[in-house]
Q: 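Sharing a structure with you now.
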Amino acid sequence: MFRLAISTGGGDAPGLNGVIRAIVLAAIHRGWEVHGIRKGFNGLLGEDAVVPLTADSVRGITHLGGTILGTTNRGNPFNWPVANERGEIEMRDRSDELVAAFRRHGFDAMIVIGGDGSLRIAHALFKKGVPIVGVPKTIDNDLAATDVTFGFRTAVQTATEAIDKLHSTAESHERTMVVEVMGRNTGWIALFSGVSSTADVILIPEIPYRLERVFDKIRERYSSGRNFAIVVASEGAIPVGGEEIFQTETHSGVKRYGGIAEHLAGEIAEHTGVETRSLVLGHLQRGGTPTAYDRLIALRFGAAAVRMVEAGRFGTMVALHPPEVRAVPIEEAIAQIKRVPVGGDIVQTARDMGIAFGD
Ligand code: F6P
(Lines give C-alpha, C1' and ligand atoms only; values in the text may rest on other atoms or scores of the structure.)
Protein backbone atom coordinates (compact mmCIF):
# COMPACT_ATOMS: atom_id res chain seq x y z
CA MET A 1 0.00 0.00 0.00
CA PHE A 2 1.21 3.54 -0.87
CA ARG A 3 2.48 5.23 2.30
CA LEU A 4 2.40 9.02 2.44
CA ALA A 5 4.08 11.14 5.12
CA ILE A 6 3.11 14.74 6.03
CA SER A 7 5.03 17.32 7.99
CA THR A 8 4.26 20.88 9.10
CA GLY A 9 7.32 23.04 9.80
CA GLY A 10 8.19 26.62 10.70
CA GLY A 11 5.89 29.14 12.37
CA ASP A 12 2.27 28.01 12.39
CA ALA A 13 -0.38 29.72 10.27
CA PRO A 14 -4.17 29.55 10.38
CA GLY A 15 -5.22 26.98 7.78
CA LEU A 16 -2.59 24.29 8.45
CA ASN A 17 -5.21 21.91 9.82
CA GLY A 18 -7.31 22.35 6.68
CA VAL A 19 -4.34 21.28 4.54
CA ILE A 20 -3.76 18.24 6.74
CA ARG A 21 -7.43 17.26 6.55
CA ALA A 22 -7.58 17.57 2.76
CA ILE A 23 -4.37 15.55 2.33
CA VAL A 24 -5.53 12.78 4.63
CA LEU A 25 -9.01 12.48 3.09
CA ALA A 26 -7.75 12.70 -0.51
CA ALA A 27 -5.08 10.07 0.23
CA ILE A 28 -7.55 7.71 1.95
CA HIS A 29 -9.86 8.22 -1.03
CA ARG A 30 -7.08 6.75 -3.18
CA GLY A 31 -6.59 3.81 -0.84
CA TRP A 32 -3.30 5.16 0.62
CA GLU A 33 -2.00 5.15 4.19
CA VAL A 34 -1.02 8.51 5.74
CA HIS A 35 1.38 9.22 8.61
CA GLY A 36 2.12 12.51 10.33
CA ILE A 37 5.70 13.42 11.23
CA ARG A 38 5.38 15.32 14.51
CA LYS A 39 7.01 18.73 15.00
CA GLY A 40 8.49 19.54 11.62
CA PHE A 41 11.00 16.80 10.74
CA ASN A 42 11.66 15.94 14.40
CA GLY A 43 9.46 12.83 14.26
CA LEU A 44 11.87 11.26 11.75
CA LEU A 45 14.93 12.14 13.83
CA GLY A 46 13.79 10.33 16.95
CA GLU A 47 13.10 13.66 18.66
CA ASP A 48 9.35 13.10 18.44
CA ALA A 49 6.90 10.60 16.97
CA VAL A 50 5.50 9.48 13.62
CA VAL A 51 1.74 9.00 14.01
CA PRO A 52 -0.84 7.30 11.79
CA LEU A 53 -3.50 9.66 10.44
CA THR A 54 -7.02 8.42 9.73
CA ALA A 55 -10.29 10.08 8.78
CA ASP A 56 -11.01 10.21 12.53
CA SER A 57 -7.75 12.08 13.26
CA VAL A 58 -8.80 14.93 10.96
CA ARG A 59 -12.45 15.18 11.94
CA GLY A 60 -13.66 18.72 12.79
CA ILE A 61 -10.29 20.46 12.43
CA THR A 62 -10.70 22.71 9.36
CA HIS A 63 -11.75 25.71 11.44
CA LEU A 64 -9.05 25.28 14.10
CA GLY A 65 -5.87 27.37 14.20
CA GLY A 66 -2.47 25.74 14.80
CA THR A 67 -1.45 22.31 13.54
CA ILE A 68 -2.45 18.96 15.00
CA LEU A 69 1.04 17.71 14.07
CA GLY A 70 2.91 20.35 16.05
CA THR A 71 5.68 22.40 14.49
CA THR A 72 9.04 23.99 15.17
CA ASN A 73 11.14 26.66 13.56
CA ARG A 74 14.32 25.29 15.12
CA GLY A 75 14.48 21.88 13.44
CA ASN A 76 16.75 22.05 10.41
CA PRO A 77 18.12 18.51 9.84
CA PHE A 78 21.01 19.97 7.78
CA ASN A 79 22.05 22.25 10.65
CA TRP A 80 21.15 20.60 13.92
CA PRO A 81 22.55 21.86 17.24
CA VAL A 82 24.28 19.12 19.24
CA ALA A 83 26.27 19.55 22.47
CA ASN A 84 29.83 18.20 22.16
CA GLU A 85 31.88 16.54 24.99
CA ARG A 86 32.86 19.99 26.32
CA GLY A 87 29.18 21.01 26.46
CA GLU A 88 29.60 23.43 23.55
CA ILE A 89 26.92 23.57 20.86
CA GLU A 90 28.03 22.33 17.44
CA MET A 91 25.95 22.24 14.29
CA ARG A 92 25.64 18.80 12.64
CA ASP A 93 24.12 17.57 9.41
CA ARG A 94 21.53 14.90 10.30
CA SER A 95 19.92 14.75 6.85
CA ASP A 96 21.26 11.24 6.04
CA GLU A 97 19.72 10.01 9.28
CA LEU A 98 16.42 11.58 8.23
CA VAL A 99 16.51 10.01 4.75
CA ALA A 100 17.28 6.60 6.32
CA ALA A 101 14.34 6.98 8.73
CA PHE A 102 12.05 7.94 5.82
CA ARG A 103 13.05 4.69 4.03
CA ARG A 104 12.84 2.58 7.21
CA HIS A 105 9.24 3.68 7.68
CA GLY A 106 8.54 2.49 4.14
CA PHE A 107 7.26 5.89 2.99
CA ASP A 108 6.72 6.42 -0.73
CA ALA A 109 6.35 10.21 -0.64
CA MET A 110 6.25 13.17 1.72
CA ILE A 111 4.22 16.37 1.60
CA VAL A 112 6.01 19.21 3.39
CA ILE A 113 3.83 22.14 4.43
CA GLY A 114 6.08 25.07 5.22
CA GLY A 115 7.36 28.55 4.62
CA ASP A 116 10.59 29.57 3.01
CA GLY A 117 12.80 27.79 5.62
CA SER A 118 10.96 24.44 5.53
CA LEU A 119 10.68 24.53 1.74
CA ARG A 120 14.45 25.05 1.49
CA ILE A 121 14.93 21.95 3.64
CA ALA A 122 12.33 20.11 1.51
CA HIS A 123 14.18 21.05 -1.65
CA ALA A 124 17.51 19.85 -0.24
CA LEU A 125 15.89 16.55 0.84
CA PHE A 126 14.36 16.18 -2.63
CA LYS A 127 17.86 16.57 -4.08
CA LYS A 128 18.93 13.71 -1.77
CA GLY A 129 16.28 11.50 -3.37
CA VAL A 130 13.25 11.98 -1.10
CA PRO A 131 10.07 12.23 -3.22
CA ILE A 132 8.63 15.49 -1.91
CA VAL A 133 5.77 17.81 -2.81
CA GLY A 134 5.62 21.18 -1.04
CA VAL A 135 2.69 23.24 0.20
CA PRO A 136 3.42 26.96 0.80
CA LYS A 137 2.52 28.34 4.22
CA THR A 138 3.19 31.64 5.92
CA ILE A 139 1.19 34.49 7.38
CA ASP A 140 3.86 36.83 5.98
CA ASN A 141 2.80 36.17 2.35
CA ASP A 142 6.45 36.49 1.34
CA LEU A 143 6.71 33.32 -0.76
CA ALA A 144 7.36 33.86 -4.44
CA ALA A 145 5.65 31.68 -7.05
CA THR A 146 2.24 31.71 -5.37
CA ASP A 147 -0.28 34.52 -5.51
CA VAL A 148 -1.02 34.16 -1.81
CA THR A 149 -0.47 31.76 1.09
CA PHE A 150 -3.18 30.60 3.48
CA GLY A 151 -2.96 32.30 6.88
CA PHE A 152 -2.12 35.69 5.41
CA ARG A 153 -5.70 36.92 5.11
CA THR A 154 -6.54 35.69 8.61
CA ALA A 155 -3.54 37.56 10.00
CA VAL A 156 -4.59 40.69 8.12
CA GLN A 157 -8.12 40.35 9.51
CA THR A 158 -6.81 39.97 13.07
CA ALA A 159 -4.51 42.98 12.70
CA THR A 160 -7.25 45.08 11.10
CA GLU A 161 -9.71 44.33 13.90
CA ALA A 162 -7.07 45.19 16.51
CA ILE A 163 -6.21 48.50 14.81
CA ASP A 164 -9.94 49.33 14.50
CA LYS A 165 -10.20 48.94 18.26
CA LEU A 166 -7.23 51.20 18.87
CA HIS A 167 -8.90 54.11 17.05
CA SER A 168 -11.44 54.80 19.81
CA THR A 169 -8.98 54.69 22.68
CA ALA A 170 -6.44 56.77 20.72
CA GLU A 171 -9.11 59.37 20.01
CA SER A 172 -10.45 59.48 23.58
CA HIS A 173 -6.98 60.09 25.01
CA GLU A 174 -5.69 62.15 22.10
CA ARG A 175 -2.78 59.77 21.79
CA THR A 176 -0.68 58.32 19.03
CA MET A 177 -0.72 54.54 18.99
CA VAL A 178 2.09 52.64 17.30
CA VAL A 179 1.19 49.07 16.36
CA GLU A 180 3.86 46.52 15.43
CA VAL A 181 2.76 43.75 13.09
CA MET A 182 4.59 40.68 11.77
CA GLY A 183 5.96 40.12 8.28
CA ARG A 184 9.74 39.68 8.71
CA ASN A 185 11.40 41.67 5.92
CA THR A 186 8.22 42.21 3.95
CA GLY A 187 5.39 44.63 4.63
CA TRP A 188 2.34 42.72 3.37
CA ILE A 189 0.51 42.47 6.70
CA ALA A 190 1.29 46.09 7.63
CA LEU A 191 0.18 47.41 4.26
CA PHE A 192 -3.05 45.42 3.96
CA SER A 193 -4.16 45.94 7.58
CA GLY A 194 -2.98 49.56 7.69
CA VAL A 195 -4.89 50.56 4.57
CA SER A 196 -8.00 48.59 5.61
CA SER A 197 -8.08 50.17 9.05
CA THR A 198 -7.20 53.69 7.84
CA ALA A 199 -3.90 54.12 9.59
CA ASP A 200 -2.17 57.51 9.29
CA VAL A 201 1.33 56.14 8.83
CA ILE A 202 2.39 52.71 7.52
CA LEU A 203 6.04 51.71 7.73
CA ILE A 204 7.19 48.76 5.65
CA PRO A 205 10.65 47.36 4.92
CA GLU A 206 10.22 48.00 1.19
CA ILE A 207 9.97 51.79 1.77
CA PRO A 208 12.71 52.97 4.16
CA TYR A 209 11.36 55.76 6.37
CA ARG A 210 12.68 59.03 7.80
CA LEU A 211 11.59 59.78 11.35
CA GLU A 212 11.13 63.45 10.48
CA ARG A 213 8.51 62.52 7.86
CA VAL A 214 6.65 60.45 10.47
CA PHE A 215 6.74 63.36 12.94
CA ASP A 216 5.50 65.72 10.19
CA LYS A 217 2.47 63.55 9.52
CA ILE A 218 1.62 63.34 13.22
CA ARG A 219 2.02 67.08 13.74
CA GLU A 220 -0.15 67.68 10.67
CA ARG A 221 -2.91 65.48 12.15
CA TYR A 222 -2.91 67.26 15.47
CA SER A 223 -2.69 70.73 13.98
CA SER A 224 -5.68 69.98 11.75
CA GLY A 225 -7.71 69.10 14.84
CA ARG A 226 -7.54 65.31 14.46
CA ASN A 227 -5.98 64.86 17.85
CA PHE A 228 -4.88 61.26 17.56
CA ALA A 229 -2.88 59.15 15.12
CA ILE A 230 -2.34 55.49 14.27
CA VAL A 231 1.04 54.25 13.08
CA VAL A 232 1.29 50.67 11.76
CA ALA A 233 4.87 49.45 11.65
CA SER A 234 5.99 46.23 10.08
CA GLU A 235 8.46 44.52 12.45
CA GLY A 236 11.17 44.68 9.76
CA ALA A 237 10.69 48.33 8.73
CA ILE A 238 13.97 50.21 8.37
CA PRO A 239 14.94 53.88 8.51
CA VAL A 240 16.82 55.32 5.52
CA GLY A 241 20.43 54.22 5.95
CA GLY A 242 19.59 52.29 9.12
CA GLU A 243 18.86 48.75 10.22
CA GLU A 244 16.08 46.48 11.40
CA ILE A 245 15.43 46.09 15.13
CA PHE A 246 15.87 42.64 16.63
CA GLN A 247 15.51 41.13 20.09
CA THR A 248 17.99 38.48 21.19
CA GLU A 249 16.68 35.64 23.36
CA THR A 250 18.88 35.54 26.43
CA HIS A 251 18.73 31.75 26.90
CA SER A 252 19.39 30.73 23.27
CA GLY A 253 21.00 33.76 21.63
CA VAL A 254 18.42 33.47 18.82
CA LYS A 255 17.63 36.80 17.13
CA ARG A 256 13.98 37.64 16.43
CA TYR A 257 12.34 40.70 14.98
CA GLY A 258 10.78 42.96 17.59
CA GLY A 259 10.98 46.35 19.23
CA ILE A 260 10.23 48.80 16.45
CA ALA A 261 6.90 49.97 17.95
CA GLU A 262 8.46 50.81 21.29
CA HIS A 263 11.37 52.54 19.60
CA LEU A 264 9.09 54.65 17.38
CA ALA A 265 6.74 55.51 20.25
CA GLY A 266 9.69 56.88 22.24
CA GLU A 267 10.92 58.96 19.32
CA ILE A 268 7.45 60.29 18.48
CA ALA A 269 6.72 61.28 22.08
CA GLU A 270 10.10 62.99 22.43
CA HIS A 271 10.04 64.93 19.16
CA THR A 272 6.35 65.83 18.81
CA GLY A 273 5.39 66.09 22.47
CA VAL A 274 2.37 63.89 21.77
CA GLU A 275 1.45 61.23 24.30
CA THR A 276 2.26 57.95 22.56
CA ARG A 277 1.76 54.27 23.34
CA SER A 278 3.02 51.14 21.60
CA LEU A 279 1.51 47.73 21.07
CA VAL A 280 2.99 44.54 19.62
CA LEU A 281 0.35 42.28 18.07
CA GLY A 282 2.82 39.41 17.88
CA HIS A 283 1.61 35.84 17.79
CA LEU A 284 -2.06 36.84 18.01
CA GLN A 285 -1.69 37.19 14.23
CA ARG A 286 -0.75 33.54 13.89
CA GLY A 287 -3.62 32.17 15.97
CA GLY A 288 -7.33 31.66 15.78
CA THR A 289 -9.86 30.50 13.27
CA PRO A 290 -8.81 30.78 9.64
CA THR A 291 -11.10 32.93 7.49
CA ALA A 292 -13.31 31.06 5.03
CA TYR A 293 -10.99 32.14 2.21
CA ASP A 294 -7.91 30.75 3.99
CA ARG A 295 -9.72 27.48 4.73
CA LEU A 296 -10.61 27.15 1.08
CA ILE A 297 -7.02 27.75 -0.08
CA ALA A 298 -5.79 25.32 2.57
CA LEU A 299 -8.17 22.57 1.44
CA ARG A 300 -7.40 23.22 -2.23
CA PHE A 301 -3.63 23.13 -1.57
CA GLY A 302 -3.92 19.87 0.40
CA ALA A 303 -6.00 18.08 -2.24
CA ALA A 304 -3.80 19.44 -5.07
CA ALA A 305 -0.64 18.24 -3.28
CA VAL A 306 -2.07 14.69 -3.21
CA ARG A 307 -2.83 14.92 -6.94
CA MET A 308 0.81 16.01 -7.53
CA VAL A 309 2.07 13.02 -5.51
CA GLU A 310 -0.20 10.72 -7.53
CA ALA A 311 1.16 12.19 -10.77
CA GLY A 312 4.75 11.74 -9.50
CA ARG A 313 5.48 15.47 -9.77
CA PHE A 314 8.08 15.53 -7.01
CA GLY A 315 10.24 18.58 -6.31
CA THR A 316 7.24 20.79 -6.99
CA MET A 317 5.12 22.99 -4.75
CA VAL A 318 1.43 23.70 -5.18
CA ALA A 319 0.73 27.36 -5.83
CA LEU A 320 -2.23 29.60 -6.37
CA HIS A 321 -2.21 31.13 -9.84
CA PRO A 322 -5.76 32.47 -9.87
CA PRO A 323 -8.10 30.97 -10.71
CA GLU A 324 -6.12 27.69 -10.66
CA VAL A 325 -3.92 25.81 -8.23
CA ARG A 326 -0.82 24.67 -10.13
CA ALA A 327 2.50 22.96 -9.47
CA VAL A 328 5.67 25.05 -9.66
CA PRO A 329 9.26 23.94 -8.95
CA ILE A 330 10.06 24.39 -5.23
CA GLU A 331 13.28 26.00 -6.45
CA GLU A 332 11.25 28.84 -7.96
CA ALA A 333 9.46 29.53 -4.69
CA ILE A 334 12.66 29.72 -2.64
CA ALA A 335 14.78 31.60 -5.18
CA GLN A 336 13.64 34.97 -3.84
CA ILE A 337 11.16 36.41 -1.39
CA LYS A 338 8.08 38.22 -2.59
CA ARG A 339 8.17 41.85 -1.52
CA VAL A 340 5.51 44.54 -1.68
CA PRO A 341 5.70 46.30 -5.06
CA VAL A 342 6.30 49.90 -4.02
CA GLY A 343 4.79 51.18 -7.25
CA GLY A 344 1.77 48.88 -6.94
CA ASP A 345 -1.81 50.02 -6.71
CA ILE A 346 -2.23 49.29 -2.99
CA VAL A 347 0.66 51.57 -2.03
CA GLN A 348 -0.74 54.11 -4.48
CA THR A 349 -4.23 53.79 -2.97
CA ALA A 350 -2.77 54.45 0.47
CA ARG A 351 -0.89 57.53 -0.77
CA ASP A 352 -4.02 58.82 -2.51
CA MET A 353 -5.87 58.54 0.79
CA GLY A 354 -3.23 60.60 2.57
CA ILE A 355 -1.54 57.72 4.37
CA ALA A 356 2.17 58.45 4.90
CA PHE A 357 4.96 55.90 4.42
CA GLY A 358 7.56 58.08 6.09
CA ASP A 359 9.43 58.63 2.79
O1 F6P B 1 7.33 33.90 9.51
C2 F6P B 1 6.25 33.95 10.36
C3 F6P B 1 6.57 34.75 11.58
O4 F6P B 1 5.37 34.80 12.30
C5 F6P B 1 7.18 36.14 11.33
O6 F6P B 1 6.22 37.07 10.89
C7 F6P B 1 7.79 36.42 12.67
O8 F6P B 1 8.88 37.33 12.57
C9 F6P B 1 8.30 35.08 13.09
O10 F6P B 1 7.52 34.11 12.41
C11 F6P B 1 8.19 34.84 14.58
O12 F6P B 1 8.65 33.56 14.86
P13 F6P B 1 8.67 32.88 16.29
O14 F6P B 1 7.65 31.80 16.23
O15 F6P B 1 10.05 32.31 16.38
O16 F6P B 1 8.37 33.88 17.33
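Just so it is clear, the values below take in all heavy atoms, side chains as well, and ignore hydrogens, waters and symmetry mates. When a ligand or atom number is given, it counts from 1 through the structure's own listing order.
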Q: Is any side-chain N of the basic residue among R307 and E310 closer than 4.0 Å to the acidic one's carboxylate O?
A: no
Q: Would you list the atom pairs, donor with acceptor, under 3.5 Å between side chains in residues 101-111 and any protein atom, with sequence neighbours excluded?
A:
{"from": "D108", "atom 1": "OD2", "to": "R3", "atom 2": "N", "distance (Å)": "2.7"}

Q: Under a 4.5 Å cut-off applied to non-hydrogen side-chain atoms, are V254 and R74 in contact?
A: yes
Q: Has the side chain of K137 got a donor or acceptor atom that lies under 3.5 Å from a matching backbone atom of G9?
A: yes
Q: Between the protein and ligand 1, which nitrogen or oxygen pairs come in under 3.5 Å, and how far apart is each?
A:
{"from": "ligand 1", "atom 1": "1 (O)", "to": "D140", "atom 2": "OD2", "distance (Å)": "2.6"}
{"from": "ligand 1", "atom 1": "4 (O)", "to": "R286", "atom 2": "NH1", "distance (Å)": "2.8"}
{"from": "ligand 1", "atom 1": "6 (O)", "to": "D140", "atom 2": "OD1", "distance (Å)": "2.7"}
{"from": "ligand 1", "atom 1": "6 (O)", "to": "D140", "atom 2": "OD2", "distance (Å)": "3.4"}
{"from": "ligand 1", "atom 1": "6 (O)", "to": "G183", "atom 2": "N", "distance (Å)": "3.2"}
{"from": "ligand 1", "atom 1": "6 (O)", "to": "E235", "atom 2": "OE2", "distance (Å)": "3.3"}
{"from": "ligand 1", "atom 1": "8 (O)", "to": "E235", "atom 2": "OE1", "distance (Å)": "3.4"}
{"from": "ligand 1", "atom 1": "8 (O)", "to": "E235", "atom 2": "OE2", "distance (Å)": "2.6"}
{"from": "ligand 1", "atom 1": "10 (O)", "to": "R286", "atom 2": "NH1", "distance (Å)": "3.1"}
{"from": "ligand 1", "atom 1": "12 (O)", "to": "R286", "atom 2": "NH1", "distance (Å)": "3.4"}
{"from": "ligand 1", "atom 1": "14 (O)", "to": "N73", "atom 2": "ND2", "distance (Å)": "3.3"}
{"from": "ligand 1", "atom 1": "14 (O)", "to": "R286", "atom 2": "NH1", "distance (Å)": "3.1"}
{"from": "ligand 1", "atom 1": "14 (O)", "to": "R286", "atom 2": "NH2", "distance (Å)": "3.0"}
{"from": "ligand 1", "atom 1": "15 (O)", "to": "N73", "atom 2": "ND2", "distance (Å)": "3.1"}
{"from": "ligand 1", "atom 1": "16 (O)", "to": "H283", "atom 2": "NE2", "distance (Å)": "2.7"}

Q: Please go through M91's hydrophobic cluster and name the other residues, only I, L, V, M, F, W, Y counting, with side-chain heavy atoms under 4.5 Å joining them.
A: I89
Q: Which residue pairs pass the side chain to side chain donor-acceptor pair (under 3.5 Å) test with at least one member in residues 332-341, sequence neighbours excluded?
A: N141-K338
